[in-house]
Amino acid sequence: MSSWKKASKSNQKVHRERAQPAAREHLGALEKKKDYKQRANDQHQKDATLKALRKRALNKNPDEFYHHMINSKIQRGEHRELEQGDEFTMDQIKLMQTQDLKYVTMKRTMEANKIRRLQSQLHMTDIVNETPNNHIFFVEDGEEATNFDLAARLDTHPELIGRRTNRPRLKDLAKLKPDHIEPEVLERIARERDLCYNELKRRIEREKELAVVQKTLEIKRSLKEKRKTQPKRVKKGTADRAPVYRFQYERKR
């Protein structure tokens with residue numbers, strides 16, 4: 001009996017799903033039942049959402065009022081909050097509307113790490129050379145002071161006196177060959193250094209903008225907390241400063 005069942009199962013016909021006819025191959029793959037169910041469920045969900053929104057709009061009280069009606073306005077077809085104003089940059093407003101506090105904090109930390117890494121590479125040598133300071137040399141008498149030679153005292157070439165960093169001595173200059181460094185190489189090094197300084201400047205400005213956005217989001221989150229007295233705004237937010245609010249002290253139980 002068992003052998004007959006095995007033989008009958010082995011001889012069963014395999015039913016395969018219908019393929020797209022050759023005359024309709026230009027229309028793409030033939031939609032299967034699982035594809036139809038997925039498309040139908042998505043359409044039913046959209047219809048239910050539209051039905052709920054339509055019902056909510058019909059049941060809305062025309063005399064309803066909430067403070068957001070007077071705290072926002074439309075400018076040039078774009079909805080804007082009055083608290084933000086027009087003094088924020090467009091990038092800052094976009095970040096405050098679309099991103100959350102954790103994302104902004106993470107981006108600011110990344111920018112700070114990149115700034116620290118660039119500063120460690122550049123060492124800010126050009127800024128050091130431009131910063132004025134005093135270097136006092138002591139001499140024995142007035143004659144030595146009259147005939148004082150700064151290049152001879154520093155044991156360097158006269159053209160290198162203005163440099164405070166990487167100022168080689170005469171014995172080190174003698175070891176260098178005239179064709180040791182080509183002008184093209186020096187020009188390329190200077191160009192790469194300028195690019196690094198420009199990148200550092202852009203990242204510092206970006207980090208400042210993110211700091212303003214982060215502080216503004218933190219203040220907005222604090223304003224949403226339930227309080228007995230609403231905080232009073234002291235200063236309006238700008239592109240360089242977050243808004244300043246005065247909170248009344250409340251004793252926590």
Side-chain angles (χ1 to χ4, degrees), residues 48-50 52-124 127-128 130-133 196-253:
T49 304
L50 292 175
L53 292 175
R54 191 178 295 108
K55 184 177 180 181
R56 188 181 304 176
L58 292 174
N59 295 335
K60 184 177 180 181
N61 184 6
D63 298 331
E64 183 181 1
F65 171 79
Y66 56 99
H67 291 281
H68 195 257
M69 293 179 177
I70 60 176
N71 291 336
S72 62
K73 61 181 179 180
I74 297 179
Q75 293 181 351
R76 298 179 181 178
E78 183 178 355
H79 187 271
R80 293 190 177 184
E81 302 288 338
L82 292 183
E83 293 182 356
Q84 296 176 357
D86 297 332
E87 299 182 8
F88 287 108
T89 61
M90 293 302 299
D91 295 337
Q92 290 175 339
I93 295 176
K94 186 177 180 180
L95 269 177
M96 286 186 286
Q97 292 178 348
T98 58
Q99 306 299 342
D100 56 354
L101 181 59
K102 292 183 179 179
Y103 175 79
V104 175
T105 305
M106 179 193 68
K107 295 297 291 183
R108 184 188 176 188
T109 304
M110 293 174 58
E111 291 294 335
N113 293 336
K114 292 178 181 178
I115 290 172
R116 195 179 303 110
R117 185 163 57 251
L118 283 174
Q119 288 178 345
S120 63
Q121 294 176 357
L122 296 174
H123 301 292
M124 311 301 288
I127 297 178
V128 172
E130 295 175 0
T131 304
N133 66 347
C196 291
Y197 275 113
N198 292 334
E199 181 183 359
L200 178 60
K201 181 179 178 181
R202 290 195 303 269
R203 292 194 180 278
I204 291 176
E205 295 176 354
R206 175 67 173 171
E207 196 272 338
K208 291 181 179 179
E209 291 182 356
L210 290 174
V212 176
V213 176
Q214 179 183 358
K215 188 64 176 178
T216 305
L217 290 176
E218 291 176 353
I219 294 176
K220 283 192 172 184
R221 187 174 62 177
S222 300
L223 293 175
K224 292 180 180 179
E225 298 179 358
K226 293 183 178 180
R227 301 178 184 273
K228 294 182 180 179
T229 57
Q230 292 296 329
K232 183 179 180 181
R233 188 174 66 180
V234 180
K235 295 182 180 179
K236 191 177 181 180
T238 62
D240 302 324
R241 185 193 66 242
V244 180
Y245 284 81
R246 181 183 292 113
F247 292 82
Q248 187 176 359
Y249 174 75
E250 295 181 2
R251 182 178 179 182
K252 303 297 181 180
R253 295 183 178 178

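Every heavy atom of this structure was used, including side-chain atoms; hydrogens, water molecules and symmetry mates were not.
Within the model, atoms CZ of R206 and CD1 of I115 stand 11.0 Å from one another, a figure rounded to the nearest 0.5 Å. Atoms CD and CD, on E111 and E205 in that order, are 11.5 Å from each other to the nearest 0.5 Å. In this structure, CG on L101 lies 11.0 Å from CZ on R108, to the nearest 0.5 angstrom. Within the model, atoms OG1 of T216 and CZ of R221 stand 13.0 Å from one another, a figure rounded to the nearest 0.5 Å. Taken from CZ in R203 to CD in E207, the straight-line distance is 11.5 Å, to the nearest 0.5 Å. To the nearest 0.5 Å, the span separating CD on E199 from CD1 on I204 amounts to 11.0 Å.
The two atoms that bring I219 and A242 nearest to each other are CD1-CB, 4.3 Å, heavy atoms only. Taking both residues in full, the closest heavy atoms of Q214 and T105 are given as NE2-OG1, 3.5 Å, listed atom of the first, atom of the second, then distance. Considering all non-hydrogen atoms of both residues, K236 and R233 come closest at CG-NH1, 4.3 Å. Residues A239 and V212 come closest through the heavy atom pair O-CG2, 3.8 Å.
A search for side chain to side chain donor-acceptor pair (under 3.5 Å) contacts involving R246 returns nothing, not counting sequence neighbours.
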Please lay out, stage by stage, how N113 and R116 fare under the test side chain to side chain contact (heavy atoms under 4.5 Å, CB included).
CA-CA 5 Å; N113 293 336; R116 195 179 303 110; 2.9 Å; yes

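Y245 places a side-chain heavy atom less than 4.5 Å from the side chain of L223.
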